[in-house]
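All heavy atoms count here, side chains included; hydrogens, waters and symmetry mates do not. Since this is a predicted model, take the numbers as computed values, not measurements.
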Amino acid sequence: MFKLNLTIAWRNLWKHKIYTFINIAGLSIGMASCILIFIFIRYQLSYDDDFQHKQRIYRVVSNWKYLNGTDASQGVPIPLAAAVRTEMPQLEKVAAIQRTTGVLAALGESGEVRFKAYEPAYFAEADFFDIFNFSWLAGNPKNDLLAPNTVALSESAAIKYFGRWQDAIGKILRFQKQEDARVTAIFKDRPENTSLPLQVVFSYATFSQKNDKSWGTVRSTSECYVLLKDGVQIRDADAAMEQFNLKKYKDNDEAGRQYHSFQALSDIHQNGRYGNFAGRSIEKSELYSLAIIGLFLILTACINFINLATAQAIGRSKEVGIRKVLGSERRQLIIQFLTETLAISVVAMLIACVLTEVALPYMQQLFDEKISFSLLQHPIIFVFLVGLVLLVSLLAGFYPALIISGFNPAMAIKNKVSSSYAGGLGLRRLLLVLQFTITTVLIISTMVVMKQMQYMREKPLGFNPNAIAIVGLPGDSLSLLKHENFKARLLAIPGVEQVSLFDVAPSSNNVSESDFSLNGTANKDFQIRTMHIDLDYFKTFDMKFIAGKMLLKSDTTNSYVVNETFLKRNGINDPEQALGKLLTVNSVTAPIVGVSKDFNDKSLHEQISPIVMSSNHLDYYNMAVKMDSRQMVNVMAAVQQLWNATFPNDVYESSFVNDDLNDYYAAERIMGVLFRVFSFVIIFISFVGLFGLISFVTNQRTREVAIRKVLGASTFELLRLLNGSFLLLVFLANLIAWPLAYILINQWLNQYAYRIELNVWPFAAAMFISMLITLITVSLRSYKVAGTNPVDALKYE
């Protein structure tokens with residue numbers, strides 16, 4: 001029976017080749033887009049999903065609640081790990097981990113440097129590897145990562161530094177030319193979809209600041225992970241953490257309360273509020289947006305199918321009537337028509353898989369990640385494909401099958417089934433409105449996303465990032481003595497305009513926050529961000545002053561410069577009044593000598609921090625080189641050559657400020673591309689379906705058009721007749737889409753502290769685009785019918 005149904009289905013599909021092609025084209029493109037979206041979402045949701053106790057693993061994060069806003073950090077005070085381990089019995093394991101970056105050098109048997117690189121390194125407590133069940137090739141962290149000066153390497157890091165991972169055990173790895181650590185363990189490489197991209201992990205006993213007792217300093221490089229005891233609910237741990245916060249921060253005002261909370265492991269990659277060591281995150285709202293776009297794509301393709309199938313129903317009325325007379329039941333007819341839909345869906349899915357394979361390399365390039373379409377590696381993809389075929393078959397095929405199989409056999413054989421009954425004219429109009437509502441929402445959304453991206457690229461940040469390179473500097477005692485001389489020699493290079501020494505660039509996710517006192521009064525409302533800079537920092541980055549002057553010349557802190565936000569948070573309205581006030585940060589007291597104009601120290605997702613800047617040559621880890629933009633290539637080559645000659649035992653690292661700023665918005669850039677591509681796909685599907693529908697409708701009205709033409713109707717009047725109903729439906733779709741788009745887009749924009757204001761232009765432009773394309777699409781087909789010789793249409797009447 002199934003074979004017979006399939007044969008009949010093939011004949012019917014071949015008979016109506018144009019409409020079959022339109023349906024397969026729409027469904028295959030829609031399915032391919034859905035597959036790509038599913039692969040991407042599955043990949044993003046798979047971050048940190050391979051750990052055995054993933055449901056019980058949490059990260060402790062820091063939060064601040066102010067009267068005029070909130071702040072958050074992935075970091076915690078260094079003493080927090082030991083405190084929660086002692087005071088919270090709900091936790092089975094607690095482990096601190098610290099991130100740093102420096103020169104790692106592999107030493108040979110005789111102490112010579114075999115290989116060196118400038119890379120991230122971590123200091124982790126041994127319990128960290130009990131919380132996260134890494135796979136070990138050699139060694140045991142419980143025993144081999146307790147003593148000072150021991151280190152564990154990933155398999156790839158061991159191969160890179162020592163040739164073979166088997167040869168790495170027992171060898172010496174030197175960090176920052178100071179610490180020699182013996183390799184005691186090797187663990188398997190972590191997959192790319194991880195928030196913990198660990199390669200080199202030193203024992204926590206090696207960490208020089210492990211005994212720091214300051215609760216007032218929070219750095220984003222200091223994290224703490226916990227494993228809940230089996231059977232303990234997170235709400236119990238949250239209650240215990242609340243009591244812990246009250247005890248540790250009992251002196252905090254309610255208006256500026258600092259507190260810690262637990263963040264689930266599964267939330268780390270999907271929550272950009274806190275950040276992570278991998279530097280990659282994507283908001284859940286963006287994944288939801290993609291899922292909705294995927295649903296829109298399938299709905300749009302299915303609406304095309306339903307509209308064409310129901311419009312074609314009148315042409316199959318005789319077939320249905322004869323089948324019913326010969327004894328076919330309605331159930332059998334429904335199965336027959338669903339078989340046709342299934343056949344189209346299967347063919348469309350096969351084409352969609354080919355399109356997916358073609359598009360996947362571009363998708364991998366866009367995301368810079370190895371996203372796989374392998375059914376063997378990820379069987380869930382196969383389940384999705386089967387489910388998608390069945391869903392499309394039911395969505396697109398069930399209603400047309402129900403309509404066609406319900407024809408009265410007597411009326412069907414006489415060919416007296418009206419076009420309004422054959423598929424429900426009202427339903428087709430409703431589906432067309434729904435289709436163009438979706439299309440309009442996406443057009444508006446894409447335009448607003450592009451406008452917000454342009455705003456972020458062009459918004460003045462309060463400093464000039466153009467033609468500035470950040471060059472890393474070694475921080476050991478011998479190299480510190482060379483910094484000033486190296487700076488002076490750089491300034492002698494033709495094309496170098498300014499040079500400055502500092503710890504972090506004006507805009508950086510490497511954040512250090514601290515308590516402070518102003519004129520002897522401790523501030524409990526908020527913490528400040530601290531930055532260490534030399535006197536040329538403001539000139540190099542073209543930062544403006546609104547009061548006072550630059551820092552006083554010194555290698556150590558003898559003066560402070562604050563920003564406007566610092567004054568606002570302290571209730572100081574006149575910048576001149578801040579000058580001369582004594583500020584104490586990290587036990588160092590000095591006067592405020594200047595107030596800088598606010599600059600965006602983080603991405604535009606976040607508000608500007610209250611910032612305090614001071615001198616401290618011990619914390620100058622970076623150097624900014626401002627260049628003549630016309631000589632950048634030659635200047636960078638000269639800078640590298642001089643750097644290598646000055647610091648021959650270290651590794652040169654550099655980046656451009658503009659590139660670092662662009663990295664802030666990698667997720668937005670990706671989402672912008674996806675919105676553009678998938679919006680175009682939906683527009684294409686919608687208007688291809690519209691072309692197919694108007695083709696069928698005009699064929700049905702050929703005689704009517706011919707009669708009107710004989711009675712004196714002009715071509716323009718006929719075009720207006722055929723176009724009017726479609727344009728009215730598209731106009732109605734726009735009216736429905738506007739409030740929906742406004743709500744969705746406004747919610748998306750609310751995640752930015754600095755955003756564009758919505759106006760009427762994206763909505764008006766979307767209406768103009770949709771109406772114009774509809775007019776062109778319908779007119780192309782209508783004009784052909786309106787220009788037909790009426791004699792050809794009426795000669796057989």
Side-chain angles (χ1 to χ4, degrees), residues 42-61 74 76 81-82 84-85 88-99 120-147 150-159 165-166 168-169 183-207 222-234 237 262-271 276-278 280-281 370 372 377-380:
R42 185 213 61 80
Y43 182 81
Q44 297 298 332
L45 294 179
S46 69
Y47 264 71
D48 304 316
D49 195 47
D50 59 332
F51 293 114
Q52 180 181 350
H53 305 300
K54 58 187 177 184
Q55 302 297 336
R56 295 193 286 136
I57 298 175
Y58 289 82
R59 180 174 68 172
V60 183
V61 293
Q74 69 194 75
V76 294
V84 297
R85 184 183 294 115
M88 296 183 64
Q90 296 85 356
L91 308 180
E92 181 179 328
K93 296 286 184 180
V94 178
I97 180 170
Q98 308 287 334
R99 184 183 187 275
Y122 300 84
F123 298 90
E125 294 182 312
D127 281 349
F128 180 86
F129 296 103
D130 284 337
I131 296 174
F132 297 95
N133 57 307
F134 282 38
S135 298
W136 295 89
L137 298 173
N140 185 339
K142 292 182 179 179
N143 304 319
D144 300 329
L145 211 61
L146 292 174
T150 55
V151 62
L153 301 179
S154 69
E155 182 180 2
S156 59
I159 292 172
W165 70 262
Q166 294 88 342
I169 295 295
V183 179
T184 57
I186 308 291
F187 56 87
K188 285 188 177 181
D189 288 332
R190 298 284 304 128
E192 284 196 355
N193 53 337
T194 180
S195 300
L196 295 165
L198 310 186
Q199 295 284 320
V200 179
V201 184
F202 291 93
S203 64
Y204 201 73
T206 311
F207 181 48
S222 177
E223 290 191 351
C224 177
Y225 289 88
V226 303
L227 178 67
L228 299 187
K229 287 183 177 178
D230 198 6
V232 172
Q233 301 297 316
I234 185 59
F262 292 110
Q263 183 188 22
L265 178 66
S266 59
D267 186 61
I268 291 176
H269 177 67
Q270 299 163 37
N271 189 340
N276 56 69
F277 285 149
R280 292 177 175 175
S281 62
K370 295 179 181 178
S372 172
Q377 291 181 6
H378 311 294
I380 187 67

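- D48 meets the salt bridge (Lys or Arg N to Asp or Glu O under 4.0 Å) test with no other residue; sequence neighbours excluded.
- Within the 4.5 Å cutoff, side-chain heavy atoms of S156 are placed close to those of Q199.
- Heavy-atom minimum distance, W165 versus A138: CZ3-CB, 4.0 Å.
- No side-chain heavy atom of W136 sits less than 4.5 Å from a side-chain heavy atom of D144.
- Under the 30°/60° scheme for interplanar angles, the aromatic rings of Y204 and F207 are found to be tilted.
- Within the 4.5 Å cutoff, no side-chain heavy atoms of V61 are placed close to those of V76.
- Closest heavy-atom contact between A157 and V200: CB-CG2, 4.5 Å.
- Remark: Q166 CD to L137 CG distance equals 8.0 Å, nearest 0.5 Å.
- Note that CD of Q52 is 9.0 Å distant from CD1 of I57, once rounded to the nearest 0.5 Å.
- Formation of a donor-acceptor pair under 3.5 Å by the E92 side chain with backbone atoms of L227 is not found in this model.
- Considering every non-hydrogen atom in both A95 and E125, the closest pair reads CA-OE1, 3.3 Å.
- A donor-acceptor pair under 3.5 Å is absent between the side-chain atoms of H53 and the main chain of I131, judged by distance alone.
- For A205, the side-chain contact (heavy atoms from CB on, under 4.5 Å) criterion is met by P148, S203, not counting sequence neighbours.
- Using a 4.5 Å heavy-atom threshold, the side chains of R59 and L265 count as separate.
- Taking both residues in full, the closest heavy atoms of T150 and T206 are given as N-OG1, 4.0 Å, listed atom of the first, atom of the second, then distance.
- V94 places none of its side-chain heavy atoms less than 4.5 Å from the side chain of D127.
- The shortest side-chain heavy-atom distance between S154 and L198 does not fall under the 4.5 Å cut-off.
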Between F128 and Y122, is the ring pair (Phe, Tyr, Trp, His ring centres under 6.0 Å) condition met? List the steps.
CA-CA 11 Å; F128 180 86; Y122 300 84; 8.6 Å; no
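- Counting only N and O atoms by type, the side chains of E223 and Q74 include a donor and acceptor under 3.5 Å apart.
- For the pair R190 and T194, the tightest heavy-atom approach, listed with the atom from each and the gap, is NH2-OG1, 3.4 Å.
- Residues A81 and V84 share a closest heavy-atom pair of O-CG2, 3.4 Å.
- One finds the CD atom of Q44 at 3.5 Å from the NE2 atom of H269 (value rounded to the nearest 0.5 Å).
- A 4.5 Å side-chain heavy-atom check between D230 and R56 finds at least one atom pair inside the cut-off.
- Of the options F51, Y58, F277, F132, a ring pair (Phe, Tyr, Trp, His ring centres under 6.0 Å) to Y225 is made by F132 and by none of the others.
- Of the possible donor and acceptor atoms, none in the side chain of S46 sits under 3.5 Å from a partner among the backbone N and O of D49.
- Relative orientation of the F129 and F134 rings is perpendicular, given thresholds of 30° and 60° on the angle between their planes.
- Side chain of K229 to backbone of P89: a donor-acceptor contact under 3.5 angstrom is found.
- Taken from CZ in F262 to CE in M88, the straight-line distance is 3.5 Å, to the nearest 0.5 Å.
- Here the OG1 atom belonging to T184 is positioned 9.5 Å from the CG atom belonging to N140, to the nearest 0.5 angstrom.
- Summarising the geometry, atom CZ belonging to R99 is positioned 11.5 Å from atom CG belonging to L196; distances are rounded to the nearest 0.5 Å.
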